[in-house]
2 protein chains.
Amino acid sequence: MIDVSDLRFLTALSAAPSLAAAARALNVTPPAVSQRLSLLEDRLRLRLIERGRGNLWLTAEGAYFVERAKGILDNVESLKDEMSARAGRVEGPLHVIAPFGFGRLRVAPVLARFGNENPELRPTLSLSEDPVNTINSGLWDVLIHVGRLPHLRITQRKLASNRRFLVASVSYARQCGLPQRPQDVSVHRVGVVRENRADATLWPLTGPGGIETSLRVQPVYACNDGEVLRAWALDGFGIVERSEWSVSGDLAEGKLVRVLPDWSLPDADIVALLNPATVRSLRISKFVDRLATDIGNT
Amino acid sequence: MIDVSDLRFLTALSAAPSLAAAARALNVTPPAVSQRLSLLEDRLRLRLIERGRGNLWLTAEGAYFVERAKGILDNVESLKDEMSARAGRVEGPLHVIAPFGFGRLRVAPVLARFGNENPELRPTLSLSEDPVNTINSGLWDVLIHVGRLPHLRITQRKLASNRRFLVASVSYARQCGLPQRPQDVSVHRVGVVRENRADATLWPLTGPGGIETSLRVQPVYACNDGEVLRAWALDGFGIVERSEWSVSGDLAEGKLVRVLPDWSLPDADIVALLNPATVRSLRISKFVDRLATDIGNT
DNA sequence: GCTTACATTAAGCTGCGCCTTAATGATTGA
DNA sequence: TCAATCATTAAGGCGCAGCTTAATGTAAGC
């Protein structure tokens, strides 16, 4: 009597602000939605959605139905995934969320290669300012995070370790000199990545022999994109704090030099979070394996 | 992609000894089954059922699929039930299992009334020699049991208390006299219900002041149907052990009299077991309520 | 008062899911 | 060797779920 498509249908409706909007989302005409909803309500002999002036809202029964439907749909989806995993196939949608910079520069190439090797894969990469905040959206399989994490009840896997450096360009070093002690930084021009909450102007430094100190910097320039900051540093702007993954090439090529090389900032390791609802598919485990090898060796 | 009907289909197949048999069970022609199975296997790109000479068997993937399918189907069914329960409706299939005698004489009338009052109900009553043994078949909603139960992880509800009596007909009592002490029983003609395992020839008796004794009887007549035994007793055959529910009318009407009225056998209370998989529907809780009131007052 | 967006009813069309029949081949047991 | 049962392929048909278009009614914003 009840069908998977019914579950999908009402779940889609519950996410839409109006029947017309749902119709657009489902790529059908409004009467189709209206009729189908009526039919479903007739079959259940129960009102699921209260449609009033303007927007619509679920009845208590409708809300309960949607809640249960989501569970069942998860089950059905994961069954499908598990069957294809048992067949050893890498296929289906793979939705990856990653931070802007790291995602664009490091994740995207891996995902592209992985997708090419597995023609039946349908990869999606969502770059986000704050990936961790989108965890609860549910619409993702793998989420890449750089840095510390609050304690989450989610499977995570470390892809690579990642130190954070203070760097400056060679030209800047030549022109202005470099600080030898943390407190000397205050006379330099400093740039920071100003992101969401993390206090970017407080640098907890660990020095030789384990000495710890916190350095409050007064940044001259700031940007929420670390790559912009890196570019500024390369242009000789001043001292910036960047991740190892971002500047290791520049350091190796001698374009940038480390500032206070004996002092270290807390690590910001690169981890992959796995969505518990979809984790059983082969495409996901293989992709994470791939990330670990490819990113680990860059 | 995967549909509820697919789940049902393969579940049905897994229970059939051959595709042809499945076709008969599903009321379609063999090609329909063969095709549909092929299509499903194509869609999953996975072999689900190995068909060889004679019978067929599930592949590992097929077995897993069926296992998961059962879970999902349970979910879908119970969702349907819960929705109808929320609408306050009593409808749908109601499968009751009960012992032969009690089921025919006590449960059947209640179920008939309940069904008449709720026209949309589709009641089924399965009378079984040994209801408890059918618990794992899964195909039941309410299971009636009389007597002690091994410890089960199943919701149960006591419907009525039920003592067990030793009885004989008035004519027999007049003709042969009645024993005054347990050990006097041995000189009488005795009948027992010989069922599955319970040792029917050992009567644990509790007498005045809590004296306990076990009486080993040597039955002359035996039958696995308690009602036959009751009829024999009414015919003046001898002394038999019966449940209160069965003979209380005869006792009240003076057709039977209690033997050793000061001694009691362990109670055999009447309980309803509720199938955990289907327990959430309104039809079941209402029916059990009805059983409790109707059977409690007879 | 006009326009715009939304919901709903009615009526009709259509694709296709699922079935059927027909024919073939394989296997088994009498 | 024949009869019976089963599985499968091919070809064709049918029902109906689910869509469309068309028309009507309603509420809201300008």
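So that the names make sense, note that chain A is the first sequence line, chain B the second, and so on, each numbered from 1.
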Q. Considering heavy-atom distances to DNA chain D, does B:L37 or A:S5 have its closest nucleotide positioned more toward the 5' end?
A. B:L37

Q. So does A:R283 pair up with A:E120, basic N to acidic O under 4.0 Å?
A. no

**Q.** Separation of atom CD in B:E41 from atom P in D:dT9, rounded to whole Å
**A.** 11 Å

Q. Counting side-chain heavy atoms from C-beta on, which of C:dT8, D:dT9, C:dC6 comes nearest to A:R24?
A. C:dC6

Q) Ion pair present between B:D81 and B:R89, side-chain N to carboxylate O less than 4.0 angstrom? A) no

Q. Taking CG from B:L39 and P from D:dT9, how many angstroms apart are they, rounded to a whole number?
A. 11 Å

Q) Using a cut-off of 4.0 Å on non-hydrogen atoms, how would the nucleic acid contact of A:A20 be classed: base, sugar-phosphate, or nothing? A) sugar-phosphate

Q: Measure from the side-chain heavy atoms of A:S34 and tell me the nearest of C:dA7, D:dT20, C:dT20.
A: C:dA7

Q. Over how many whole Å does the gap from B:L56 atom CG to D:dT5 atom P extend?
A. 17 Å

Q) Rounded to the nearest Å, what distance is computed from the CG atom of residue B:L19 to the P atom of nucleotide C:dC19? A) 14 Å

Q | Donor + acceptor pair across side chains of A:N75, B:R68 (<3.5 Å) | A | yes

Q. What's the CG-P distance between A:L26 and D:dT20, to the nearest Å?
A. 11 Å

Q: Please check the phosphate of D:dT20 (OP1 and OP2 only) for any side-chain N or O of A:T29 closer than 4.0 Å.
A: yes

Q. Can we say B:E91 and B:R122 salt-bridge, meaning some charged N sits less than 4.0 Å from an Asp/Glu carboxylate O?
A. no

Q.
Could you tell me how far apart B:L40 (CG) and C:dC18 (C1') are, to the nearest whole angstrom?
A. 14 Å

Q. Taking CG from A:D42 and C1' from C:dT9, how many angstroms apart are they, rounded to a whole number?
A. 13 Å

Q: Applying salt bridge (Lys or Arg N to Asp or Glu O under 4.0 Å), run through B:E50 and B:R47 and close with a yes or a no.
A: CA-CA 7 Å; B:E50 213 55 69; B:R47 200 159 177 78; 2.9 Å; yes

**Q.** Atom-to-atom span, CZ of A:R51 to P of D:dT26 - whole angstrom
**A.** 17 Å

Q | Pair of N/O donor and acceptor under 3.5 Å linking D:dC19 base with A:Q35 side chain | A | yes

